[in-house]
Participant: 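Mind having a look at this structure? Questions to follow.
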Amino acid sequence: MIENLIKLLGFNIIANLILIIGLPLVSNFYTPQVYGSFAVLASLISVVSPIICLRYDLAIPLGRTERGLKTLFYLSLLSCIMLSLIALVIFFVLDYFFPIYDENIYSATDIIFVFLIILLNGFLSSYSFLKVGEGNFTSIGASKFFGSSFLVSLQVILSKIGLLGLLMAQLFSAAVQILLLHYDKIFRKEKISYSNEKISFSEIKSTASEYIEYPKISTPAQLMNLLCSFLPLWYITSVFGLEWAGLYAITSKLILGPFDILNKTLYDILYGRLSKIIDINERSRVSFLVLKFIRRMVLPIFLTILIFVFPLYRVLFNEEWLDGEIFLAIHLAVACSGLMVLPLSGPLIQIFRVQSMSFKFQTILFILRFSGLYCGYLIDSNILYPLFGYALGTLVSHMYLSFWVYRKSASKNELIRNFLEYSLLLSVILFITWFWTSSGYETYNNVFSILIFIFIAMYLIRIKDEIIFTYNQLKLL
């Protein structure tokens with residue numbers, strides 16, 4: 001398992017470096033206001049894309065046979081096409097009677113591109129999960145690498161047409177990734193060939209009924225999660241305008257983007273590995289080892305990024321983007337909190353077929369995030385207080401989810417001790433984030449950086465043997 005993880009992670013790190021390096025480059029060609037306009041459309045794409053297949057794409061790796069994989073794959077593609085066409089027709093019919101979008105900012109062409117991107121994202125997700133089911137992680141990583149390269153290049157090349165250029169870059173990037181996954185023989189060590197036996201529509205229909213919990217429970221749960229993920233962006237857009245929305249969006253991509261890819265990488269590997277483990281005790285052992293390893297590494301990751309990201313942001317971005325640095329620490333806290341639980345909770349929910357747990361968590365997440373955002377706004381209309389409240393709500397929600405994950409992966413004796421250790425770690429991250437943001441970053445200096453480096457070194461020395469032992473255990477899997 002560890003070899004597949006390193007291989008896929010290597011591709012994803014390179015892909016992320018391209019995106020991160022590309023952000024300051026792209027910021028030179030677009031104003032915060034144009035990027036804010038794009039961010040609003042991108043948020044709608046991000047909300048709809050993961051549910052456009054009715055979440056049947058998630059079930060693809062559970063088709064343990066060749067025929068099972070193919071049937072779920074076709075079901076996912078069919079759902080994506082039908083839902084995209086229905087959504088497009090409904091949108092323009094409603095817009096004819098009740099104007100939905102501001103024609104001073106967006107055009108009909110922009111909206112059509114949004115729907116095309118959603119359609120291709122659904123195809124891309126279906127192909128990606130098919131490769132997870134095959135265990136073909138190299139192709140997934142390679143497609144992300146080339147997709148990132150195309151995305152950044154096209155954003156720069158098409159910058160003269162503004163918002164439409166950003167949308168076209170997104171569309172062609174998804175198309176390139178789909179083509180690479182479809183014709184992926186270049187990246188395979190062994191050729192995986194499927195039989196030419198056709199899958200009947202009645203078989204696809206039967207499979208849809210068998211996995212009905214995905215559209216019935218997982219889809220609304222995911223929709224709720226995505227809606228509350230973009231609450232801060234929509235709040236900032238409505239209260240502070242598109243310029244601040246652009247600043248929030250680009251810092252979000254800078255911090256959350258790499259973590260999202262890392263989470264997805266871990267998710268793909270763990271889902272592919274754990275779905276093939278029949279023995280419950282072995283599955284729990286593997287899950288616990290992964291949790292332990294990630295938990296040990298999160299604090300050094302958080303502190304290292306924290307002290308490097310601010311000077312880098314000031315160097316790489318021009319003056320009109322510098323106000324965005326106030327969002328960096330909050331994004332980082334949310335990202336590290338998610339890293340400790342999301343890569344494992346997703347696969348366990350799919351394997352145990354407990355979509356109700358996903359819906360319950362997303363409901364709690366939505367309530368706490370919205371409450372945190374609103375309470376922060378009541379305390380002070382300053383842009384930081386609502387966002388910190390949102391982050392606090394997210395961390396508390398992750399604590400609830402982590403308790404469920406520990407119940408599935410740890411013994412009764414280890415459950416309380418490990419959960420308390422996890423909660424303490426989250427509290428430390430939250431305190432540092434509050435101290436860092438409320439001080440206006442005045443604490444940032446060379447002495448402070450040196451002290452953090454000393455702490456990280458002492459921490460790693462203290463847990464070195466434990467990390468090596470856990471890593472070696474994972475390597476055997």
Side-chain angles (χ1 to χ4, degrees), residues 228-233 235-236 239-240 244 247-252 254-256 258-259 295 297-314 322-342 364-402 419-456 459:
C228 66
S229 295
F230 291 102
L231 278 175
L233 176 67
Y235 162 77
I236 291 170
V239 177
F240 298 95
W244 276 100
L247 294 172
Y248 178 86
I250 205 160
T251 53
S252 176
L254 185 65
I255 299 294
L256 297 182
F259 276 90
R295 193 175 68 239
M297 296 304 299
V298 158
L299 189 58
I301 290 171
F302 174 76
L303 292 173
T304 303
I305 295 175
L306 193 65
I307 60 177
F308 275 116
V309 72
F310 291 100
L312 279 175
Y313 186 82
R314 292 166 186 170
L322 290 185
D323 288 339
E325 69 179 8
I326 63 174
F327 303 126
L328 294 172
I330 294 174
H331 285 317
L332 185 58
V334 170
C336 288
S337 172
L339 179 61
M340 286 194 284
V341 65
L342 297 180
I364 292 171
L365 182 66
F366 181 85
I367 292 170
L368 290 178
R369 279 179 164 177
F370 183 82
S371 301
L373 192 69
Y374 183 68
C375 291
Y377 174 75
L378 291 178
I379 292 170
D380 195 319
S381 58
N382 179 296
I383 197 168
L384 282 178
Y385 281 86
L387 293 180
F388 190 80
Y390 170 87
L392 178 60
T394 303
L395 268 62
V396 173
S397 304
H398 287 164
M399 288 177 66
Y400 167 77
L401 182 61
S402 69
F419 179 71
L420 288 175
E421 184 179 332
Y422 169 85
S423 302
L424 179 62
L425 186 56
L426 271 190
S427 301
V428 170
I429 289 174
L430 188 65
F431 172 77
I432 293 172
T433 303
W434 171 252
F435 174 75
W436 201 277
T437 53
S438 61
S439 65
Y441 314 110
E442 294 172 1
T443 55
Y444 185 87
N445 54 52
N446 291 334
V447 175
F448 190 68
S449 302
I450 291 169
L451 289 174
I452 290 180
F453 272 123
I454 292 172
F455 171 80
I456 293 171
Y459 177 84

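Side chains are part of it too, since the values below use all heavy atoms of this structure and drop only hydrogens, waters and symmetry mates.
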Participant: Apply the test side chain to side chain contact (heavy atoms under 4.5 Å, CB included) to residues M297 and L339: give CA-CA distance (whole Å), side-chain angles for both, the deciding distance (0.1 Å), then the verdict.
Facilitator: CA-CA 10 Å; M297 296 304 299; L339 179 61; over 6 Å; no

Participant: What are the two closest heavy atoms between L322 and R314, and how far apart are they?
Facilitator: CD2-CA, 3.9 Å

Participant: I'd like to know whether I236 forms a side chain to side chain contact (heavy atoms under 4.5 Å, CB included) with L387, so could you lay out the CA-CA distance, the side-chain angles of the two residues, the decisive distance to 0.1 Å, and finally the verdict.
Facilitator: CA-CA 10 Å; I236 291 170; L387 293 180; 4.2 Å; yes

Participant: Using the side-chain hydrogen bond (donor to acceptor under 3.5 Å, both in side chains) criterion, which residues pair with S337? Sequence neighbours excluded.
Facilitator: H398

Participant: Give the intermediate values and the outcome of side chain to side chain contact (heavy atoms under 4.5 Å, CB included) for residues Y390 and Y235.
Facilitator: CA-CA 11 Å; Y390 170 87; Y235 162 77; over 6 Å; no

Participant: To the nearest 0.5 Å, what is the distance between CD1 on I364 and OG on S397?
Facilitator: 7.0 Å

Participant: For the residue pair P386 and D380, what are the closest heavy atoms and their distance?
Facilitator: CD-O, 3.9 Å

Participant: Determine whether S252 and F327 satisfy the following criterion, side chain to side chain contact (heavy atoms under 4.5 Å, CB included), listing intermediate values before the conclusion.
Facilitator: CA-CA 8 Å; S252 176; F327 303 126; over 6 Å; no

Participant: Once you round to the nearest 0.5 Å, how far does CG of L256 lie from CG of L332?
Facilitator: 9.0 Å

Participant: Restricting to non-hydrogen atoms, name the atom on I383 and the atom on I326 that form the minimum distance, rounded to 0.1 Å.
Facilitator: CG2-CD1, 3.6 Å

Participant: Can you tell me if Y400 has over 12 outside heavy atoms packed within less than 6.0 Å of its OH?
Facilitator: yes

Participant: Return the set of residues passing ring pair (Phe, Tyr, Trp, His ring centres under 6.0 Å) with F259 (not counting sequence neighbours), or none when no residue passes.
Facilitator: none

Participant: Y422 pairs by side chain to side chain contact (heavy atoms under 4.5 Å, CB included) with which of L425, L424, L426, L420?
Facilitator: L426

Participant: I'd like to check I330 versus T433 (side-chain heavy atoms, cut-off strictly below 4.5 Å). Are they in contact?
Facilitator: yes

Participant: Just wondering, do M399 and V341 contact through their side chains at under 4.5 Å, heavy atoms?
Facilitator: no

Participant: Decide yes or no for L254 and L328: does some side-chain heavy atom of the first lie under 4.5 Å from some side-chain heavy atom of the second?
Facilitator: yes

Participant: Residues two or more places apart in sequence or in another chain: which of them pass side-chain hydrogen bond (donor to acceptor under 3.5 Å, both in side chains) with T251?
Facilitator: H331

Participant: Side-chain atoms of residues 299-309: list all donor-acceptor pairs with protein atoms under 3.5 Å, sequence neighbours left out, distances to 0.1 Å.
Facilitator:
| residue | atom | partner | partner atom | Å |
| --- | --- | --- | --- | --- |
| T304 | OG1 | P300 | O | 2.6 |

Participant: How about W244 and L247: do any of their side-chain heavy atoms sit closer than 4.5 Å?
Facilitator: yes

Participant: Going by side-chain contact (heavy atoms from CB on, under 4.5 Å), name the residues that satisfy it together with L392, two or more places apart in sequence or in a different chain.
Facilitator: V396, L430

Participant: Compare every heavy atom of Y313 with every heavy atom of G324, then report the nearest pair and how far apart it is.
Facilitator: CA-OH, 3.6 Å

Participant: Which heavy-atom pair separates F366 from C228 by the least distance, and what is that distance?
Facilitator: CD1-CB, 3.3 Å

Participant: What heavy-atom pair brings V298 and M340 nearest, and what distance separates the two atoms?
Facilitator: CG2-CG, 3.3 Å

Participant: Could you tabulate the donor-acceptor pairs under 3.5 Å formed by side-chain atoms of residues 370-378, not counting sequence neighbours?
Facilitator:
| residue | atom | partner | partner atom | Å |
| --- | --- | --- | --- | --- |
| S371 | OG | I367 | O | 2.6 |

Participant: Tell me, do R369 and S229 make a side-chain contact under 4.5 Å, heavy atoms counted?
Facilitator: yes

